A.B. asks: 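For reference, the structure I am asking about is given below.
On a predicted model such as this, the values are computed, not experimentally measured, just so you know. Residue numbers start from 1 in every chain, and the chains themselves are labelled A, B, ... in the order their sequence lines are given, proteins ahead of strands.
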Number of protein chains: 2
Amino acid sequence: MTRQRRVILGIVETATTHLDASQILLQAKGLDPNIDRVTVYRTLGLLKQHGMIDELDLMHVEGEKHFYERRPQRDHIHVTCLRCGKVVELESALFDRLKANIQREADVQIVVTRLEVGGYCADCRASAPARKGK
Amino acid sequence: MTRQRRVILGIVETATTHLDASQILLQAKGLDPNIDRVTVYRTLGLLKQHGMIDELDLMHVEGEKHFYERRPQRDHIHVTCLRCGKVVELESALFDRLKANIQREADVQIVVTRLEVGGYCADCRASAPARKGK
DNA sequence: TTACGTGCAAAAAATTTGCAGTTTC
DNA sequence: GAAACTGCAAATTTTTTGCACGTAA
């Protein structure tokens, strides 16, 4: 456990939004100016492997980057608005049951799950003047 | 609807495995030697936007690429083995119910969902001699 | 120590953009 | 013929690799 890893893990753990590798690098440089982009990638890979953080796409609403968040106590669902990009997180007993089902039906020992939903939030549905054509 | 788009859509629709952009380009070149990588990306983006295909990560078991598949009639769950990479697809009534729940609870009009699961398949659990340490 | 981790340089992949010529309807 | 699409070139962005030096346990 090195200084750099502590810094990176700390950033992801305390983040209030979902960060991608570049944003993490940027923040890390603030705390440790010499930290390298490579170290960020390597550390994220490691933390992911060890189940300390999870990787997300957030439906790729803004480019094809990946986001990271601290692995929560209980899995949650990520709902991303395809128009404004807002992300809502949701826990669900039904989701827990579904996972148990999958484990049994697919005969798999589940390590990680990711449920991402894309759609339109209430605000966007209200303000969108039903664009015609495209 | 151009020749190139027909080719690319055809490839994804008839594929028996999940293909990534490079594999699609390769197959497309077989049918239309002049087709460009750029056209593949643009077309995939378009087909995705129009809900004709879905994009997957398959838990990034082999690199950070993205895979594509024809949009199925009914959503299914992708279960990927983190050791051997095998992918199992699963439909589930519970999943359907969960989506309805999410739509209501998050007040979102769902357009697309993606449930990916990573874990260890039966075969790998059987053959893995409980690696110690790492 | 001493195996592991880091920074630096550079390569490899993956994806996007600008633009002029071509095709579809 | 007009609008939309393509190929080509090149730029970006994202991620990975090799290697000599530095560091935590």
A.B. asks: For B:His66 and C:dA14, what is the distance between atoms NE2 and P respectively, to the nearest whole Å?
C.D. replies: 11 Å

A.B. asks: Could you state the atom-to-atom distance from CD of A:Glu64 to P of C:dT15 in whole Å?
C.D. replies: 6 Å

A.B. asks: For residues B:Glu89 and B:His18, report the shortest heavy-atom separation together with the two atoms involved.
C.D. replies: OE2-NE2, 2.7 Å

A.B. asks: Which whole-number value in Å describes the distance from A:Leu9 CG to C:dG5 P?
C.D. replies: 15 Å

A.B. asks: Just do the salt bridge (Lys or Arg N to Asp or Glu O under 4.0 Å) check on B:Arg74 and B:Asp96 with the steps written out, would you?
C.D. replies: CA-CA 9 Å; B:Arg74 184 179 174 204; B:Asp96 299 334; 2.9 Å; yes

A.B. asks: Would you compute the distance between atom CD1 of B:Ile102 and atom CZ of A:Phe95 and round it to the nearest 0.5 angstrom?
C.D. replies: 8.0 Å

A.B. asks: Given that B:Glu55 and B:Met1 both sit by DNA chain C, which one's nearest nucleotide is further toward the 5' end?
C.D. replies: B:Glu55

A.B. asks: Going only through I, L, V, M, F, W and Y residues with side-chain contacts under 4.5 Å, is there a path from A:Val79 to A:Leu56?
C.D. replies: no

A.B. asks: How long is the line joining NZ of A:Lys65 and C1' of C:dT15, in whole Å?
C.D. replies: 13 Å

A.B. asks: Using modelled atom types only, decide if a donor and an acceptor are shared between the side chain of A:Gln4 and the backbone of A:Thr39 within a distance under 3.5 Å.
C.D. replies: no

A.B. asks: Starting at atom CZ of B:Arg3, determine the distance to atom C1' of C:dT24, rounded to an integer number of angstrom.
C.D. replies: 11 Å

A.B. asks: Can you list, by residue number, the residues of residues 31-45 of chain A that have a non-hydrogen atom closer than 4.0 angstrom to DNA chain D?
C.D. replies: A:Arg37, A:Val38, A:Tyr41, A:Arg42

A.B. asks: May I have the step-by-step check of side-chain hydrogen bond (donor to acceptor under 3.5 Å, both in side chains) for A:Asp20 and A:His66, ending in yes or no?
C.D. replies: CA-CA 6 Å; A:Asp20 69 6; A:His66 294 108; over 6 Å; no

A.B. asks: Determine whether A:Met59 and B:Val111 satisfy the following criterion, side-chain contact (heavy atoms from CB on, under 4.5 Å), listing intermediate values before the conclusion.
C.D. replies: CA-CA 11 Å; A:Met59 289 336 256; B:Val111 172; over 6 Å; no

A.B. asks: Provide the closest heavy-atom pair for B:Cys84 versus B:Cys81 in the form atom of the first, atom of the second, distance.
C.D. replies: N-SG, 3.4 Å

A.B. asks: Quick one: how far along DNA chain D does chain B reach, first to last nucleotide 5' to 3', anything under 4.0 Å to a heavy atom?
C.D. replies: D:dC5 to D:dT15

A.B. asks: With the threshold set at under 4.0 Å for non-hydrogen atoms, list the residues of residues 20-30 of chain A touching DNA chain D in residue-number order.
C.D. replies: A:Ala21, A:Ser22

A.B. asks: With a 6.0 Å cut-off (strictly less than), is the heavy-atom count around CZ of B:Arg71, excluding the residue itself, greater than 12?
C.D. replies: yes

A.B. asks: Salt bridge between A:Glu13 and A:Arg70, side-chain N to carboxylate O under 4.0 Å?
C.D. replies: yes

A.B. asks: Flag yes if B:Val61 and B:Tyr120 sit in one hydrophobic cluster, no otherwise; membership is Ile, Leu, Val, Met, Phe, Trp, Tyr, and two members link when side-chain heavy atoms are under 4.5 Å apart.
C.D. replies: yes

